[in-house]
2 protein chains.
Amino acid sequence: MTFVDQSIKILKKNKYKITGPRMAVLNVLEEAKIPLSAYDIEEHVPEHIPINVVTIYRVLDVFETLNIIHKVHTKEGYVRCDFELQKGCHSFAICNKCGRADEFLQEKCDLKSTLPKKLAYKSLSHISELSGLCEQCA
Amino acid sequence: MTFVDQSIKILKKNKYKITGPRMAVLNVLEEAKIPLSAYDIEEHVPEHIPINVVTIYRVLDVFETLNIIHKVHTKEGYVRCDFELQKGCHSFAICNKCGRADEFLQEKCDLKSTLPKKLAYKSLSHISELSGLCEQCA
DNA sequence: TTATAAATGCAATAATATTTTATTTGAATT
DNA sequence: AATTCAAATAAAATATTATTGCATTTATAA
């Protein structure tokens with residue numbers, strides 16, 4: 001099942017409408033290898049169906065909530081979720097040279113357990129981003 | 001040894017000058033519990049010694065290079081380094097309510113080892129940010 | 001097919017960040 | 001204490017990322 005199909009399924013399941021802007025953003029992110037900003041996405045959308053950037057931000061908000069996409073904070077951009085991965089810790093390996101971002105799973109994630117006892121946080125979520133050089137750029 | 005003194009020591013060791021703007025930024029960050037943007041810092045600097053925001057960005061760049069401060073990417077802000085911690089993985093626990101950010105050490109950090117073999121990245125650095133509620137806000 | 005909640009468009013604005021060029025200054029040296 | 005100059009800063013313009021409020025349109029359930 002493709003990324004787009006899987007995403008549509010998730011949208012419907014959660015009572016969100018299938019709209020033009022949402023489909024356009026899904027199609028752009030399906031192909032992207034590097035994190036794209038809302039403005040990047042605006043440029044990649046086919047010229048005959050222009051979308052307001054504000055709309056793109058709102059679409060991205062919904063997609064993030066549904067875990068259809070993830071925000072790569074160190075790059076201020078968004079990438080599609082890799083549905084092949086199981087639910088768990090969504091982490092990214094990011095290439096400093098070409099910008100490529102690969103999602104990967106931390107099967108045995110111990111981040112929460114490393115939080116010192118004296119920091120009594122009720123933790124809800126976390127993100128790990130690793131910067132380096134991908135195979136091609138190394 | 002205070003954060004400011006330790007920072008001065010590191011600046012001198014690396015042949016950077018001790019200047020007004022650098023001292024002002026150090027003094028602001030020494031007290032801050034939450035990540036501050038360059039513009040936040042500009043507002044916190046004493047009124048009788050205004051600093052250009054561009055200068056603050058450049059000061060922050062140097063400080064980041066020297067690991068005197070860290071950027072909290074999920075908040076687009078900067079916090080002082082906690083020199084009490086040993087060198088290693090600088091991670092943050094961030095409160096979603098009050099914004100507080102506590103640096104903590106992952107003694108046995110396994111992030112790099114969780115990167116799948118097929119992603120042949122040469123990893124250089126990484127950041128982990130955990131969002132939740134601190135003891136006061138929980 | 002129609003009613004309506006949800007989604008979008010538009011305009012304005014805020015917040016964060018960078019580039020270029022000219023000027024000033026910290027501190028090493030004399 | 002005066003001199004010197006690489007290093008640091010200021011200023012102005014511009015780029016990039018993000019949000020808010022309100023009017024209008026649309027996807028879909030009934």
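Note on naming: letters A, B, ... go to the chains in the order of the sequence lines (proteins, then strands), and numbering restarts at 1 for each one. Fair warning: this is a prediction, and the values are worked out from it, not measured in the lab.
One interatomic measurement links the two molecules: CG of B:Leu36 to P of C:dA15, which rounds to 15 Å at whole-angstrom precision. Counting to the nearest Å, the P atom of D:dA18 and the NZ atom of B:Lys75 are 14 Å from each other. The distance from atom CG of A:Asn52 to atom C1' of D:dA18 is 13 Å, rounded to the nearest whole Å. One interatomic measurement links the two molecules: OH of B:Tyr57 to P of D:dA13, which rounds to 19 Å at whole-angstrom precision. Atom CG in B:Asp61 sits roughly 12 Å away from atom P in D:dA8 (whole-Å rounding). In this structure, CG of A:Leu11 is placed 13 Å from C1' of D:dA27, rounded to the nearest angstrom. One interatomic measurement links the two molecules: NE2 of B:His73 to P of C:dT16, which rounds to 15 Å at whole-angstrom precision. Rounded to whole Å, atom P of C:dA27 lies 11 Å from atom CE of B:Met23.
Within the 3.5 Å criterion, the main-chain N or O of B:Tyr16 finds no donor-acceptor partner in the side chain of B:Asn14. In this structure, B:Glu129 contributes its side chain and B:Thr74 its backbone to a donor-acceptor pair below 3.5 Å.
The side chain of B:Arg22 contributes an N or O atom lying less than 4.0 Å from OP1 or OP2 of D:dA8. The side chain of A:Thr19 places an N or O atom within less than 4.0 Å of a non-bridging phosphate oxygen (OP1 or OP2) of C:dT8. The phosphate of C:dA17 (OP1 or OP2) has a side-chain N or O of B:Lys71 nearer than 4.0 angstrom. Contact between the side-chain N/O atoms of A:Ser37 and the OP1/OP2 oxygens of D:dT16 is not found at any separation under 4.0 Å. Residue A:Tyr39 has no polar side-chain atom (N or O) positioned under 4.0 Å from OP1 or OP2 of D:dT16.
Among the heavy atoms of the strands, none lies under 4.0 Å from A:Lys15. Residue contacts for B:Val53: at a heavy-atom cut-off of 4.0 Å it reaches no nucleic acid atom on any strand shown.
Taking the six-membered ring wherever Trp is involved, the centroid distance between the rings of A:Phe104 and A:Phe92 does not fall below 6.0 Å.
With hydrogens and angles left out, the side-chain atoms of B:Asp40 and B:Tyr78 include no donor and acceptor closer than 3.5 Å.
Of the two residues contacting DNA chain C, namely B:Asp40 and A:Ile51, the nearest-nucleotide position lying further toward the 5' end is that of A:Ile51. Where B:Ile18 and A:Gly20 meet DNA chain C, the nucleotide closest to each residue was compared, and A:Gly20 sits on the side nearer the 5' end.
Residue A:Arg58 places its side chain closer to C:dC10 than to any other of C:dC10, C:dA27, D:dT17. In this structure, of D:dA18, C:dT16, D:dT9, it is D:dA18 that holds the atom nearest to the side chain of A:Glu76. Considering only the side chain of B:Lys17, D:dA8 comes nearest among D:dT20, C:dA5, D:dA8. Which of D:dA18, C:dA7, C:dC10 sits closest to the side chain of A:Tyr16 comes down to C:dA7.
Counting heavy atoms from C-beta on, the side chains of A:Gln106 and A:Ser128 come closer than 4.5 Å.
The pair A:Asp82-A:Arg80 does not meet the salt-bridge criterion, since no charged nitrogen lies less than 4.0 angstrom from a carboxylate oxygen.
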